[in-house]
Protein chains: 2
Amino acid sequence: MEQMLLTDSVRRERLLNEFQMDISNLLDWLATYTIEKQPGITRLLYSKEWFNAQKALEARMEERGLTPSFDEVGNLFGTIQGGHSDLPSILVGSHIDTVAQGGKYDGAYGIVAGLIAVDYLQRTYGQPKCTLEVVSLCEEEGSRFPIAYWGSGSIAGERNFQQIKSLRDREGILFVDAMHDCGFGECSAREAVRKDIGTFVELHIEQGGVLEEEGLSIGIVEAIAGQIRLKFEIIGEPNHAGTTPMYMRRDALEGASAMIRWLRDAAVQKGPPLVATVGSLDVSPNVSNVVPGQAIFTVDIRHSDEVALEQFRSEVITQFTSIAAQRGLGIQYVDWFNEKPVPMDENLNRQLVQICDEMDIKYRQMVSGAGHDAQMFKLVCPTALVFVPSQGGISHSPEEYSDARELAVGVLLLVQLLYKLGYAEVEKT
Amino acid sequence: MEQMLLTDSVRRERLLNEFQMDISNLLDWLATYTIEKQPGITRLLYSKEWFNAQKALEARMEERGLTPSFDEVGNLFGTIQGGHSDLPSILVGSHIDTVAQGGKYDGAYGIVAGLIAVDYLQRTYGQPKCTLEVVSLCEEEGSRFPIAYWGSGSIAGERNFQQIKSLRDREGILFVDAMHDCGFGECSAREAVRKDIGTFVELHIEQGGVLEEEGLSIGIVEAIAGQIRLKFEIIGEPNHAGTTPMYMRRDALEGASAMIRWLRDAAVQKGPPLVATVGSLDVSPNVSNVVPGQAIFTVDIRHSDEVALEQFRSEVITQFTSIAAQRGLGIQYVDWFNEKPVPMDENLNRQLVQICDEMDIKYRQMVSGAGHDAQMFKLVCPTALVFVPSQGGISHSPEEYSDARELAVGVLLLVQLLYKLGYAEVEKT
C-alpha cells in the first residue's frame with residue numbers, strides 16, 4: 001500500500017484533496033467551541049467551551065470508529081486497539097485548549113490531523129499491529145491557571161494534584177473546583193500517568209515564519225529549544241533633566257539601552273538557533289523631564305544546545321555587569337525561568353526525512369523556539385514534532401492562519417509514518 | 001557703608017551669621033504652611049496652606065516695616081517707598097507655591113532672602129532712592145492646575161483670565177472657583193500687569209549639582225535654557241520571542257535603544273550647556289516572550305542658544321529616522337513643547353560679578369537648565385537670576401537641602417546689589 005501511495009501521484013493528489021476538505025471542515029467545526037462574540041478562539045481549561053469541545057470530539061471519535069475515553073484530568077483518547085497486545089501504543093495528537101483570543105490551528109490541528117490519519121488508516125488497512133491512539137490533551141498553554149502542560153505533564157508524571165491544590169485563575173476560581181465541575185479530578189477516571197506509550201507524534205503549526213520564508217511544507221523538529229529568562233534591575237539616579245549636566249548623570253535607561261543593543265548584536269553574531277529578546281522594560285519614574293533612576297527589564301534567551309545556552313547566559317551577565325560598571329550604575333538580576341533543551345527522537349526523524357524525500361515533500365530540519373507537549377512526552381517515549389507553515393509566522397492571535405493544503409500535506413506525512421510504525425514495520429521500532 | 005562691608009571682614013562675618021540665623025528661622029517657619037502628615041512641603045496655588053502662607057507673609061512684611069499689598073491674582077508685595085517717585089521699582093522675590101511633597105527652599109528662599117535684604121537695608125540706610133519691593137509670586141510650578149508661571153506671567157502680561165477659564169485640577173475643581181474662594185480674581189484687587197518695574201532679581205537654589213561639585217557659592221545665570229520636547233513612536237512588529245529568528249525581527253525597543261544611545265553620545269560630544277534626556281519610555285506589548293512591536297518615548301533637549309537648540313532638534317530627527325530606516329521600523333513624532341532661551345541682563349550680571357570679586361565670593365557664570373520666574377520678568381525689565389548650591393543637586397523632593405551659610409551668602413550679595421541699585425548708584429541704572 002505504501003508503495004502505491006508513493007508511486008501513484010494521482011492517487012496521492014486525490015488523498016490530499018480529501019484530507020484538505022476534511023481538515024478545513026473539522027477545524028472550522030472545532031472553532032465554534034469558543035467564547036461567543038469575541039475575536040479569535042478562546043477555550044480555556046475546564047471552561048464551558050472547553051468541556052463542550054471535548055465532549056463533541058468524543059462523539060466524533062466514536063463516529064469514526066475509535067473508542068473514546070477520558071483520564072482523570074480530562075485528557076481525551078480515541079483508541080483503535082492493535083492486534084499485538086504486548087506492543088506499546090502509538091499516540092498522536094496535541095492540546096485542545098487555547099490562549100485567550102487565539103487562533104483555530106494551535107493545538108487543534110494536531111488533534112484533528114491525528115483523527116483524520118488514524119481514521120483513514122483503519123478504513124484502508126484495518127486493524128493495526130499496535131494500538132493507535134488520538135489524544136486531545138486537556139491543557140498546554142497556561143492561559144487560565146498559572147501552570148502549563150497540565151495534560152501531557154500529567155501523562156508523563158511531571159504534573160500532579162499537589163501542584164494545583166491552591167491555584168486560582170484571575171477571577172479567583174480554584175483549579176480543583178473548575179476541574180471537579182467538569183467531572184474530573186483525582187480518581188474520577190483512569191489514572192493520568194501512562195507507562196505503556198511507545199511513540200508520540202505531534203503535528204503543529206510553526207508559529208514562526210521560517211517555513212513560509214523558505215517555501216517549505218514541513219519542518220522536522222530536531223529539538224525543542226531550552227529557555228532561560230532573567231530579570232534585570234538597573235539602578236541609577238533620578239535627576240532634573242534640565243539642571244543635571246550629561247557628565248553628572250547615572251541614567252538607568254541609557255544603561256539598559258546599551259545592554260539591549262549589545263544583546264541583539266551578540267545574538268545575531270552567534271547566529272541561529274540562538275534567539276535573545278528583551279520583551280518588557282519598565283522605567284522609573286518614567287517622566288519626560290526626569291533622568292531615569294531605575295530600569296527593570298526581562299531577557300529571554302533560547303537555544304537547542306544546553307551548553308551554548310548556559311554559556312550565553314553567562315556572557316549576558318558578564319557584559320551587562322561591565323556596561324553597568326562603566327556607567328556607575330547598580331545592577332541586580334534574578335533567574336526566573338530555566339528549561340533545558342529537549343532533543344527529539346533521531347530514529348523517528350530519520351524516518352520522517354525518508355518519507356519526505358520519497359514523497360517529494362519540501363522540508364527542513366529545524367529547532368522549535370516554542371515549547372510543546374512533545375517536550376513532556378519525550379520524557380517517557382520516542383517523540384517526534386512536525387511543523388507546517390504559519391502565514392506570516394503569526395500565532396496566539398485571531399490572525400493565525402495556515403493553508404489547508406499545507407495542513408493536508410502534514411496529514412499525509414503522518415499517515416505514512418503511522419503506516420510504517422503501526423502496520424508495516426512494527427517489529428523494527 | 002558699602003566700603004565698610006567690603007573692607008571690614010569681621011563686620012561682614014557678623015552680618016552673615018545674622019542672615020544665616022534669620023534665613024533658617026524664616027524658612028522653617030514658612031515650611032509649617034504645608035499639608036500636614038505628608039513628607040516634604042505641599043503648598044499648591046489657592047489651597048488653604050497657600051492662602052495661610054501668603055497671609056502670614058503679609059503680616060511678617062508689615063512687622064518688618066514694609067507695606068504689604070496683593071494684586072488681583074494673589075501676588076503679594078511688600079513695599080518700601082523710594083524717595084524719587086519717578087524712578088521705576090526694583091523687585092526681588094520668587095514663588096510661594098511648591099510641587100507636591102517638595103522642599104522648603106524652592107521659591108521660598110527667594111522670597112525670604114528678599115525680605116531679609118530689604119529689611120536690613122531700610123534699617124541700616126533708611127529710605128532708598130527708588131522703591132524696593134519684595135514679591136511672593138502666587139504660582140510658578142504648574143503643580144495644581146495645568147498652567148505655570150501664573151504669578152510672574154500675569155505681571156508680565158503673558159498670562160490672563162481667558163487662559164484659565166476652563167482649567168480644572170485633578171479633583172475637577174475649577175481654577176476660577178479656587179481663586180475666588182481665596183478672595184482673588186479679576187478686579188478683586190489691583191491689576192496684575194505692571195509696567196513700572198525697573199529691575200527684577202531672583203535668588204534661587206540651583207536644583208543641580210554643579211556649584212556643589214565645583215565648590216562654589218554663587219551661580220550667576222547668563223541665560224535660562226530653551227527647551228524642546230518631542231514624543232517619538234517607533235513601530236515594529238510584535239512576534240514570538242522563541243520562534244522568530246533574529247534576522248526576521250522588527251524590534252521597536254531595540255530600535256529605540258539605538259536612538260537613546262546615540263542621543264546620549266551626541267549630547268556628551270557637543271558638551272555643556274546642551275542636555276538631552278529620554279525620561280519616559282513605554283513598550284508594547286511589554287511581555288517577556290514577545291518581541292516588542294511598539295515603543296513610545298519622549299526626548300527633552302535644552303540649550304541656552306536658540307540656533308544650537310534647533311539644530312540639535314533637527315539632528316535628532318534625522319538620526320532617529322535613519323536608525324529606524326536601517327531596521328525597517330516605522331517612526332512618527334510630534335513636537336509638544338518649545339520654549340526659547342532667555343538671556344539675563346548683562347549689565348546686572350556685570351555688577352554681580354564685580355560684587356563677588358570684591359567680596360571674595362567664589363562664583364561662576366552658568367546656564368539655568370530649569371525655567372524660573374525670571375524668564376517672565378525678562379520680558380518687562382532687566383532681570384538677574386542668582387543660584388546658591390543645592391546639596392546633591394536634589395530638588396522637588398523632601399530631601400532638598402541648602403546650607404544656611406550658603407543661603408546667607410546669597411542674601412549678602414543681594415544686599416550689596418540692592419544697595420548699589422537702590423541707594424548708591426541709582427542714577428546709573
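Order of the sequence lines sets the chain letters (A, B, ...), proteins ahead of strands, with each chain counted from 1. Just so it is clear, the model here is predicted, and its values are computed rather than measured.
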(request) Test Val275(B) against Arg249(A) for side-chain contact (heavy atoms from CB on, under 4.5 Å), laying out the working first. (result) CA-CA 10 Å; Val275(B) 285; Arg249(A) 298 180 173 207; 3.5 Å; yes
(request) List the steps and the verdict of side chain to side chain donor-acceptor pair (under 3.5 Å) for Gln294(B) and Glu233(B). (result) CA-CA 7 Å; Gln294(B) 186 199 53; Glu233(B) 180 187 356; 2.9 Å; yes
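Of the residues considered (Gly279(B), Gly392(B), Ala267(B), Pro273(B)), Gly279(B) shows the highest number of contacts with chain A, using heavy-atom pairs under 4.5 Å. Most heavy-atom pairs under 4.5 Å with chain B: of the set Ala256(A), Ala276(A), Pro272(A), this distinction falls to Ala276(A). Counting heavy-atom pairs under 4.5 Å between each of Pro238(B), Ser397(B), Gly371(B), Gly369(B) and chain A puts Gly369(B) at the top. In terms of non-hydrogen atom pairs under 4.5 Å with chain B, the most contact-rich of Asn239(A), Asn286(A), Asp282(A), Asp300(A) is Asn286(A). Comparing Thr298(A), Val283(A), Val287(A), Val268(A) by how many heavy-atom pairs each has under 4.5 Å with chain B, the most go to Val287(A). Counting heavy-atom pairs closer than 4.5 Å to chain A, the top-ranked of the candidates Ile301(B), Leu281(B), Thr244(B), Val367(B) is Leu281(B). Counting heavy-atom pairs closer than 4.5 Å to chain A, the top residue among Val291(B), Asn289(B), Thr277(B), Val299(B) is Thr277(B).
Of the atoms belonging to Val278(A), heavy atoms from both backbone and side chain fall under 4.5 Å from chain B. Proximity to chain B (any heavy atom under 4.5 Å) is restricted, for Val290(A), to the backbone atoms N, CA, C and O. Using a 4.5 Å cut-off between heavy atoms, Glu213(A) contacts chain B through its side chain alone, with no backbone atom that close. Contact annotation for Ser280(A): both backbone and side-chain heavy atoms come within less than 4.5 Å of a heavy atom of chain B. With a 4.5 Å cut-off on non-hydrogen atoms, Trp336(A) touches chain B through its side chain but not through its backbone. For Ser395(A), the part lying near chain B is the side chain, with the backbone staying farther off; criterion is any non-hydrogen pair under 4.5 Å. Both the backbone and the side chain of Pro245(A) come within less than 4.5 Å of a heavy atom in chain B. Interface residue Ala370(A): backbone and side-chain heavy atoms are both found under 4.5 Å from chain B. For a residue to count as touching a neighbouring chain, one of its non-hydrogen atoms must lie under 4.5 Å from one of that chain's; by this rule Leu263(A) does not touch chain B. Heavy atoms closer than 4.5 Å to chain B are found in both the backbone and the side chain of Ser288(A).
Separating the CD1 atom in Ile228(A) from the CZ atom in Arg302(A) is a distance of 11.5 Å, to the nearest 0.5 Å. Here the OG atom belonging to Ser284(B) is positioned 13.5 Å from the CD1 atom belonging to Ile234(B), to the nearest 0.5 angstrom. Distance check, rounded to the nearest 0.5 Å: NE2 of His396(B) to CD of Gln207(B) gives 5.0 Å. With values rounded to the nearest 0.5 angstrom, Arg144(A) atom CZ is found 12.0 Å from Thr98(A) atom OG1. In this structure, the separation between NE2 on His303(B) and NZ on Lys340(B) is 15.0 Å, given to the nearest 0.5 Å.
Between Phe387(B) and His204(B), the angle of the ring planes goes over 60°, which puts this pair in the perpendicular group of the 30/60° scheme. Aromatic ring pairs are classed by plane angle as parallel below 30°, tilted from 30° to 60° and perpendicular above 60°; the pair Tyr105(B) and Tyr401(B) is perpendicular.
Smallest separation of non-hydrogen atoms from Leu230(A) and Arg313(A): CD2-NE, 4.1 Å.
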